[in-house]
Amino acid sequence: MFSVTGMQGFELFSLMHLVTLVVFFFTCWWLVYYRQALRPYQKIIRWTLFVTLLACEVTYHLWLVLTDQWDVADLPLQLCSFSTFIALFLFLRGNKKAFYLLYFIGTIPPILSMVTPDMIYQFPHFRYIKYFLHHSAIPLAVLYFILFEGNRVPKKAVLNSFLMLNVIAVPGFLLNQLLGTNFFYLASPTETKTLLSFFGSGIWYYVTLEITALIVFYITYIPMHYLQKEENKNLKGEGE
């Protein structure tokens, strides 16, 4: 389960992979559908997500250290780790602008990462469990803040968050040049075949990355737009 060389051979869309995805989407549906019934358990959900995110980040690095694999490239500077730190911060202290960014980078990106994962290990290897649990907990945290904390995102946050992400990516790009790393996957696509593998190479890789990110941000905003539209409609109905 914790071996570096054992239990390899992950198969995309294998039965276990599909079951994992179904469990994630079912959990999302369950939180939404039973949100009112779950309100008495809000604190339990909150701290369960907090502990899960923290444990995933800590145990992964502990595993790397104990198996003599840890390298500077494993610094927690990837997008999922960045999303994790924002979520942990928000669980401890609310911040609207921080949530705006988390909403855009912590919803679709981790879900896409689960659909085409950068993974070589099979279930029940530690890396498989950690990877999918971690990438599930991030969008579930976003959902928690929307359902139970009442967080909402204005339309102007789409471009503001996109620009903020680009500003944050600059140090990552420079570190990649300095250390030979691949933080934020700015140096190259993932080693295994994922969606990033179709983004081309050289300057076109960055152009495609930017355009795709902006499109994803706008797509991510669509459900938020309709949610707020419905809420405003209900408020107007109550006021009449």
Side-chain angles (χ1 to χ4, degrees), residues 1 7-33 45 48-61 63-64 74 76-88 90-91 101-147 165 182-186 188-199 208-209 212-213 215-224:
M1 182 176 179
M7 301 182 70
Q8 295 187 11
F10 172 82
E11 293 182 17
L12 190 67
F13 302 133
S14 62
L15 178 61
M16 195 62 233
H17 184 204
L18 291 175
V19 168
T20 303
L21 294 175
V22 169
V23 169
F24 164 72
F25 285 113
F26 174 80
T27 304
C28 291
W29 171 85
W30 180 72
L31 284 175
V32 174
Y33 191 81
I45 297 171
T48 297
L49 287 169
F50 179 91
V51 171
T52 299
L53 287 168
L54 184 61
C56 284
E57 197 66 54
V58 172
T59 55
Y60 173 57
H61 289 278
W63 176 71
L64 289 173
D74 296 307
L77 297 176
Q78 295 290 12
L79 196 61
C80 69
S81 293
F82 190 67
S83 299
T84 298
F85 297 141
I86 296 177
L88 292 175
L90 288 170
F91 278 125
L101 183 57
L102 177 65
Y103 177 74
F104 291 109
I105 68 174
T107 304
I108 292 182
I111 293 175
L112 291 178
S113 294
M114 287 191 286
V115 174
T116 57
D118 183 16
M119 172 60 54
I120 62 172
Y121 295 101
Q122 303 178 56
F123 179 86
H125 193 278
F126 162 75
R127 279 287 288 115
Y128 182 100
I129 296 173
K130 178 270 170 193
Y131 183 94
F132 285 98
L133 187 61
H134 196 173
H135 285 80
S136 294
I138 295 170
L140 287 175
V142 173
L143 198 55
Y144 165 84
F145 288 117
I146 293 172
L147 297 175
L165 180 61
N182 193 19
F183 300 130
F184 277 50
Y185 295 114
L186 292 174
S188 64
T190 52
E191 291 184 7
T192 57
K193 195 169 185 178
T194 64
L195 291 174
L196 291 177
S197 305
F198 301 96
F199 280 23
T208 308
L209 203 60
T212 303
I215 292 173
V216 167
F217 273 39
Y218 273 105
I219 292 174
T220 306
Y221 182 72
I222 292 174
M224 179 60 69

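Hydrogens, waters and symmetry mates play no part in the numbers below; they use all other heavy atoms, side chains included.
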### Message
Run the side chain to side chain contact (heavy atoms under 4.5 Å, CB included) test on L165 and F184 for me, step by step, so that the C-alpha distance in whole Å, both residues' side-chain angles and the decisive distance to 0.1 Å come before the verdict.
### Response
CA-CA 10 Å; L165 180 61; F184 277 50; 3.8 Å; yes
Taking the side chain as everything from C-beta on, heavy atoms only, tell me whether [X] gets closer than 4.5 Å to [Y].
X: F13; Y: V115; result: yes
X: F104; Y: Y221; result: yes
X: L21; Y: M114; result: yes
X: L102; Y: S83; result: yes
X: T20; Y: S136; result: no
X: Q8; Y: Q122; result: no
X: P110; Y: P139; result: yes
X: F183; Y: L79; result: no

Quick one: closest heavy-atom pair of [X] and [Y], and the distance?
X: G106; Y: V142; answer: O-CG2, 3.7 Å
X: Y185; Y: L209; answer: O-CD2, 4.3 Å
X: A55; Y: T59; answer: O-OG1, 2.6 Å
X: L101; Y: I86; answer: CD2-CD1, 3.9 Å
X: E57; Y: P76; answer: OE2-CB, 3.6 Å
X: D74; Y: H61; answer: O-CE1, 2.7 Å

### Task
Verify side chain to side chain contact (heavy atoms under 4.5 Å, CB included) between I45 and L140, making sure each step is shown before the conclusion.
CA-CA 10 Å; I45 297 171; L140 287 175; over 6 Å; no
### Message
Testing F50, F85, F145 one by one against L90 for a side chain to side chain contact (heavy atoms under 4.5 Å, CB included), which residue passes?
### Response
F145
Between [atom1] of [X] and [atom2] of [Y], what distance do you get to the nearest 0.5 Å?
X: H134; Y: T84; atom1: NE2; atom2: OG1; value: 2.5 Å
X: L88; Y: L49; atom1: CG; atom2: CG; value: 10.0 Å
X: L54; Y: C56; atom1: CG; atom2: SG; value: 9.5 Å
X: L112; Y: T212; atom1: CG; atom2: OG1; value: 10.0 Å
X: T107; Y: I138; atom1: OG1; atom2: CD1; value: 10.0 Å
X: C28; Y: I111; atom1: SG; atom2: CD1; value: 6.0 Å

### Y131 (side chain) donor-acceptor with S113 (main chain) under 3.5 angstrom
yes
### Message
If we ignore hydrogens and angles and just use 3.5 Å, is the side chain of Y103 paired with the main-chain N or O of T220 as donor and acceptor?
### Response
yes
#### Entry: With H135 via side chain to side chain donor-acceptor pair (under 3.5 Å) - residues at least two apart
none
### Task
Assign the ring pair W29 / F26 to parallel, tilted or perpendicular, where the plane angle (0 to 90°) is split at 30° and 60°.
tilted
### Task
Could you pull out all residues at least two apart from F126 that satisfy ring-ring contact (aromatic ring centres under 6.0 Å, His included)?
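Checked F126 against ring-ring contact (aromatic ring centres under 6.0 Å, His included); matches are F2, W63.
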### Non-neighbouring partners of F10 that pass ring-ring contact (aromatic ring centres under 6.0 Å, His included), sequence neighbours left out
H17
### Task
May I ask you to check whether Y128 and F123 place their ring centres under 6.0 Å from each other?
yes
